[in-house]
K.L.:
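Sharing a structure with you now.
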Amino acid sequence: MILFENYTMTNGINIPKIGFGTWQIKDGEEAYKATLYALSIGYRHIDSAAAYGNEASIGRAIKDSGIPRADIFVTTKLQSHIKGYESTFQEAEKSLKKLGLDYLDLYLIHAPWPWNDMGGDHTQGNIDSWKAMIELHKQGKLRSIGVSNFEPQQIDSIVQATGFVPHVNQIPFFIGKPQMEIRSYCNKHNILVEAYSPLITGRIFKMPLVHELAKKYQVTVAQLAIRYTLEQHTLPLPKSIHEQWILENTKVDFKIDFDDVKRLEALEGGYK
Ligand SMILES: NC(=O)c1ccc[n+]([C@@H]2O[C@H](COP(=O)([O-])OP(=O)(O)OC[C@H]3O[C@@H](n4cnc5c(N)ncnc54)[C@H](OP(=O)(O)O)[C@@H]3O)[C@@H](O)[C@H]2O)c1
C-alpha cells in the first residue's frame with residue numbers, strides 16, 4: 001500500500017512516497033483537523049512551508065496525533081524572499097519553533113527568487129542560504145535539504161559553490177506539464193523529484209484524456225493523476241481539506257500501462 005512505501009534519498013533516509021500538501025489550508029482548525037485526519041488514516045509525510053502560515057496548527061496536529069515523531073516525515077520551506085546565511089539560520093529556527101519540533105526531515109529553499117521578482121538572479125543569496133542549510137544539516141537539525149522550483153542551472157550554481165547536491169527538488173509536475181528537462185537533470189544527479197500540484201490545484205478535472213483513462217482503470221480522476229506522478233518516479237503531494245478526498249487520494253495502488261503513461265506525458269497544457 002502506497003502509504004507504507006518509501007523512496008530512499010541519496011543520504012539513505014526514507015521518505016514516504018505520498019505527502020500531504022498543506023498550501024492554502026487555513027491556519028487554525030482547518031489546518032489542524034485536515035492534518036490530524038491525514039495522520040489518522042496513515043499519511044506519514046506532511047509538506048508545509050513558512051509561507052503557508054499554518055505551521056503552528058500543523059505542529060499541533062502532529063503532537064496530538066500521538067504518533068512517534070520519528071515515524072512522521074515533516075517538510076517545511078524557507079520563504080522565497082529570505083536569501084542569506086544568518087537569515088536562513090533564523091528562519092529555520094522560527095519554523096522549528098512554530099512546528100514545535102527540534103529537527104526537520106526536509107527543509108527546502110522555496111524558490112530561486114522571491115515571488116515578487118520571479119526570474120530574477122539571486123544566485124549569491126541562494127548560495128548563502130544553501131551554505132547555512134548545509135551547516136544545519138551537519139548539526140542534525142535538518143536531516144535532508146533541498147530546493148523547490150529550481151532549474152538545472154540554478155542547482156548547478158549552488159552545487160558548484162558548495163559541492164553539496166540537494167536531496168530533493170520540489171517542482172510543479174502534473175499531467176499537462178511534462179517537465180522533461182528538469183526531471184532528466186534530477187534523475188541524472190539522483191535528486192528526488194517531488195511533484196507539487198498533482199491535481200493542478202483543482203484544474204485536472206478539465207482534461208478529457210484523464211477522464212477517459214480514469215474510466216478505463218476504474219479509478220477517479222484524482223487517483224489517476226496521482227498515480228501518474230508515481231509511475232514517473234516522482235513523489236506526489238496532493239492537498240485537500242475534505243476527508244473523503246484526503247482518503248481517496250491514498251488509494252492509488254494500481255498500475256497505468258506504459259503506453260497510457262506516455263499518452264499522458266505527451267499532453268502539454270489543456271488544463272486552463
Ligand atoms: N513548492 C511550491 O512552490 C509549491 C507550490 C504549490 C504547491 N505545493 C505543494 O503541493 C501541494 C499540492 O498542490 P496544490 O495545493 O496546488 O493542489 P493539488 O493537490 O494539485 O489540488 C488541490 C485541489 O484539488 C482538490 N482535490 C483534492 N483531492 C481531490 C479529489 N480526490 N477529488 C476532487 N478534488 C480534489 C482540493 O479541494 P479541497 O482542498 O477543497 O478539498 C483542492 O481544490 C500543496 O498543498 C503544497 O504542499 C508546493
Side-chain angles (χ1 to χ4, degrees), residues 2 15-27 29-31 33-35 37-38 41 43 45-55 57-58 61 73-82 95 99 104-116 118-119 145-151 154 166 168-177 179 182 186 191-207 210-211 214 219-230 234-252 271-272:
I2 203 70
I15 176 168
K17 273 195 179 178
I18 189 160
F20 181 61
T22 64
W23 178 39
Q24 303 192 104
I25 304 190
K26 287 194 208 84
D27 194 31
E29 280 311 280
E30 188 172 282
K33 279 191 183 156
T35 308
Y37 177 72
I41 60 160
Y43 283 84
H45 175 174
I46 311 292
D47 183 72
S48 175
Y52 303 166
N54 53 18
E55 287 173 314
S57 308
I58 289 169
F73 191 101
V74 184
T75 300
T76 196
K77 311 185 190 89
L78 176 68
Q79 298 204 63
S80 63
H81 63 280
I82 308 282
S95 281
L99 285 159
L104 293 168
D105 297 281
L106 177 62
Y107 196 52
L108 304 175
I109 299 181
H110 205 144
W113 13 250
W115 301 120
N116 63 5
M118 281 174 83
I145 53 177
V147 294
S148 177
N149 297 298
F150 270 50
E151 298 290 339
Q154 291 159 333
V168 162
N169 188 15
Q170 184 180 118
I171 58 167
F173 176 57
F174 43 78
I175 298 165
K177 195 167 179 72
Q179 297 279 30
I182 185 68
C186 288
I191 299 168
L192 176 68
V193 173
E194 291 188 340
Y196 79 62
S197 304
L199 309 176
I200 327 183
T201 321
R203 283 169 293 158
I204 189 78
F205 304 95
K206 294 186 176 162
M207 306 177 86
V210 181
H211 284 275
V219 295
T220 67
V221 162
Q223 288 164 335
L224 187 93
I226 293 165
R227 183 69 221 180
Y228 167 77
T229 64
L230 288 161
T234 68
L235 192 157
L237 302 167
K239 169 261 177 186
S240 176
I241 54 168
H242 293 93
E243 292 190 353
Q244 80 272 20
W245 288 344
I246 297 174
L247 180 63
E248 176 185 314
N249 295 346
T250 67
K251 308 226 178 273
V252 290
Y271 46 83
K272 293 261 156 86

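Note that ligands are numbered from 1 as they come in the structure, with each ligand's atoms numbered from 1 the same way. Side-chain atoms are counted along with the backbone in the values below, which use heavy atoms only and exclude waters and symmetry mates.
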K.L.:
Are any side-chain N or O atoms of T234 and backbone N or O atoms of T229, one a donor and one an acceptor, separated by less than 3.5 Å?
P.N.:
yes

K.L.:
Applying a heavy-atom distance cut-off of 4.0 Å, which protein residues contact ligand 1?
P.N.:
G21, T22, W23, D47, Y52, K77, H110, W115, S148, N149, Q170, Y196, S197, P198, L199, I200, T201, G202, F205, A222, L237, P238, K239, S240, I241, H242, W245, E248, N249

K.L.:
Please tell me if the side chains of V74 and S48 come closer than 4.5 Å, counting only heavy atoms from C-beta onward.
P.N.:
no

K.L.:
Looking only at atom types and distance, does a side-chain atom of Y43 sit under 3.5 Å from a main-chain N or O of I246, one as donor and one as acceptor?
P.N.:
yes

K.L.:
List for me each residue that meets ring-ring contact (aromatic ring centres under 6.0 Å, His included) alongside H45, sequence neighbours excluded, and say none if there are none.
P.N.:
F73

K.L.:
In terms of ring plane angle, is the pair H110 and Y52 parallel, tilted or perpendicular, where the classes change at 30° and 60°?
P.N.:
perpendicular

K.L.:
Going by heavy atoms in the side chains, are K77 and D47 under 4.5 Å from each other?
P.N.:
yes

